Protein chains: 2
Amino acid sequence: MTPSVQIDRLHTIDLQNPGHGHGERHDHGACVVSALERARTAFGDKGMKLTPLRQRVFEEIAGSHDALGAYDILDRMARKSGERLAPISVYRAIDALLAAGVVHRIESKNAFYACHAPHQGQERHIALVCERCQTVIEVSGADIFAAMETASAACGFKLSLAVAEGAGLCPSCATLLPIVLATDLVTQP
Amino acid sequence: MTPSVQIDRLHTIDLQNPGHGHGERHDHGACVVSALERARTAFGDKGMKLTPLRQRVFEEIAGSHDALGAYDILDRMARKSGERLAPISVYRAIDALLAAGVVHRIESKNAFYACHAPHQGQERHIALVCERCQTVIEVSGADIFAAMETASAACGFKLSLAVAEGAGLCPSCATLLPIVLATDLVTQP
DNA sequence: CCGTTAATGCAATGATGTATCATTCGGTAT
DNA sequence: ATACCGAATGATACATCATTGCATTAACGG
């Protein structure tokens, strides 16, 4: 049989605590508040303004540990406020958030996520997207970007912009998935 | 003054030999023919068929050393044949070419390029896109993907798909650009 | 020759992103 | 005050990227 049943079952587990692993508890409200605090700081430091619109957009992005598309954000904001912004408004807000460095773009998904563990300007990170629960986690990318720089320089290419991102199974899903599959083998002969 | 004039001047130089550096000569026809030969082999090896449509699409992609968007390909084919395919036809052909491994996608540009130095399945490469002349070059990415694997494994993430790509100045543009800018400083006080 | 599968054609639509121009709002020089 | 300026937002339209669903044709093995 195909694994679709198992996947559905796993997904209900995910939904108990969306985007945050399976067993852990996570105070999402506090998490967004602290992200917002860092965002305020980042905008201040750069002489930029965290306007109400930008803040609303940031709250949507930070309020999920998934990467959201611009139109997802648009939908969520419309559901909350009752009125729908023009796409360009959200894109402009996103541009400011990107410039401030408080959100990042996942090129391979055309989607955006908030830094929850901020790399204050200095350290480079890469995004890893879980294909099961969609959570985005960031890991240090120093070695990766160094390797890209080395490979580029070796052929005379002057690298000014590097993209690196991955997809696969996050720690929670990687450990849980085999268990669920094995369980199914027993319970569904 | 802004560098726009310099950039335009440089661009005319680029156009003398689009996508292939500034001083070198490049037999583009032969280059496409050999790419096509490798494509035929790749399709054969994989038990896939290089159909006429797929070949036409491949020729468009391989006929440029830039990365082309699907609608660019569509436009070019329409200009040649007089009739315009539906987008889906091109996308399906691209899917086959991607599956055969003879073209690759640049996620950060939503565009496709042909391998001109084929890595027959085994070695991983990354694409570097020149921001001046748009040429795509590929360099070995073994170290980069190894670093991504290491970084992922370190945090328990099971990486199944990795994307790495860069943008900057290709060797030709990197050496030519400063010269042109310096020349302008002299000739346009 | 027939049935099956792969490939293509065709129409519509969804999804993502931008150009252009008008308006609002907060500061600030006069 | 008020007149102006620049940054941010609003509004409409459009451009670009990609897929769904279904009909048709071509290729291949019996």
Side-chain angles (χ1 to χ4, degrees), chain A residues 39-40 42-44 46-61 66-78 81-100 102-113 129 134 163 165, chain B residues 39-40 43-44 46-61 66-79 81-100 102-113 129 134 163 165:
Chain A
R40 251 188 277 277
F43 272 82
K46 293 191 167 58
M48 300 173 63
K49 276 178 293 185
L50 182 55
T51 64
L53 179 63
R54 290 169 183 178
Q55 179 168 334
R56 283 172 63 203
V57 171
F58 180 72
E59 284 168 356
E60 288 304 333
I61 300 176
D66 300 6
L68 299 184
Y71 284 73
D72 283 339
I73 297 167
L74 218 41
D75 291 344
R76 291 174 186 225
M77 290 175 70
S81 75
E83 52 185 315
R84 190 178 185 77
L85 291 171
I88 186 68
S89 296
V90 166
Y91 278 105
R92 285 194 284 225
I94 290 171
D95 285 345
L97 295 168
L98 288 170
V102 298
V103 310
H104 297 304
R105 178 184 172 88
I106 299 185
E107 299 292 346
S108 52
K109 293 191 56 176
N110 297 334
F112 307 90
Y113 67 95
V129 184
Q134 314 302 321
V163 171
E165 49 204 40
Chain B
R40 252 188 275 278
F43 272 84
K46 294 191 167 58
M48 300 172 64
K49 278 177 293 187
L50 182 55
T51 64
L53 178 63
R54 291 169 183 177
Q55 179 168 332
R56 283 173 61 204
V57 170
F58 181 72
E59 284 168 354
E60 288 304 334
I61 300 176
D66 300 6
L68 300 184
Y71 281 68
D72 282 340
I73 297 166
L74 218 41
D75 291 345
R76 291 172 186 227
M77 290 175 70
R79 243 174 275 134
S81 76
E83 52 185 316
R84 189 177 186 79
L85 291 171
I88 186 64
S89 296
V90 167
Y91 278 106
R92 284 193 286 226
I94 291 172
D95 285 344
L97 297 168
L98 287 170
V102 299
V103 310
H104 298 302
R105 178 185 172 87
I106 299 185
E107 297 292 345
S108 53
K109 293 190 57 175
N110 297 333
F112 307 90
Y113 68 94
V129 184
Q134 313 304 321
V163 172
E165 47 204 39

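Proteins come first, then strands; the chains are lettered A, B, ... in the order of their sequence lines, and each starts at number 1. Any value given below was found using the heavy atoms of this structure, including those in side chains, with hydrogens, waters and symmetry copies removed. Nothing here was measured: the structure is a model prediction, and the numbers come from that model.
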- Report which part of the nucleic acid A:L53 touches: base, sugar-phosphate, or nothing (heavy-atom distance under 4.0 Å, all strands). sugar-phosphate

- Item | Protein-nucleotide distance (B:L50, atom CG; C:dA6, atom C1'), rounded to Å | 15 Å

- Task: Would you indicate, yes or no, if C:dG17 has its OP1 or OP2 atom less than 4.0 angstrom from a side-chain nitrogen or oxygen of A:N110?
- Result: yes

- Query: Could you state the CD-P distance from A:E107 to C:dT16, rounded to the nearest angstrom?
  - Reply: 14 Å

- In whole Å, what is the span from the CG atom of B:D95 to the P atom of C:dA6? 15 Å

- Query: Quick one: does A:D95's side chain have a donor or acceptor within less than 3.5 Å of a partner on A:R92's backbone?
  - Reply: no

- Task: Taking only the side-chain heavy atoms of B:L85 (C-beta and beyond), determine which of D:dG10, C:dT8, C:dG9 contains the nearest atom.
- Result: C:dG9

- Query: For D:dC17, does either OP1 or OP2 sit under 4.0 Å from a side-chain N or O belonging to B:R105?
  - Reply: no

- Message: Using whole Å, what does the distance between atom P of nucleotide C:dA15 and atom CD1 of A:I73 come to?
- Response: 15 Å

- Query: Is there a donor-acceptor pair under 3.5 Å between the side chain of B:S89 and the backbone N or O of B:L85?
  - Reply: no

- Between A:E107 and A:R105, is there a side-chain N and carboxylate O pair less than 4.0 Å apart? yes

- Side-chain-base donor-acceptor pair under 3.5 Å for A:R92 and C:dG17: no

- Message: Pick the closest DNA chain C nucleotide for B:P52 and for A:A70 by heavy atoms, then say which residue is nearer the 5' end.
- Response: B:P52

- Task: Nearest whole angstrom, please: distance from the P of D:dA18 to the CG of B:L68.
- Result: 13 Å

- Task: Write down the distance between CD1 (A:I88) and P (C:dA19), rounded to a whole number of angstrom.
- Result: 8 Å

- Taking the six-membered ring for Trp and the single ring otherwise, decide whether the centroids of B:H104 and B:F112 are under 6.0 Å apart. no

- Message: Can you tell me if B:T51 touches the phosphate of C:dA6, counting only side-chain N or O atoms and a distance under 4.0 Å to OP1 or OP2?
- Response: no

- For B:K49 and B:Y91, take the nucleotide of DNA chain D holding the closest heavy atom to each; which residue's nucleotide lies nearer the 5' end? B:Y91

- State whether the aromatic ring of A:Y71 stacks on the base of C:dT16, taking stacking to mean ring centres under 5.5 Å apart and ring planes under 30° to each other. yes

- Quick one: A:R84 CZ to D:dG10 C1', roughly how many Å, whole number? 15 Å

- How far does OG1 of A:T51 sit from CZ of A:F43, to the nearest 0.5 angstrom? 7.5 Å

- Message: Can you measure B:F43 atom CZ to D:dA27 atom P for me and round it to whole angstrom units?
- Response: 16 Å

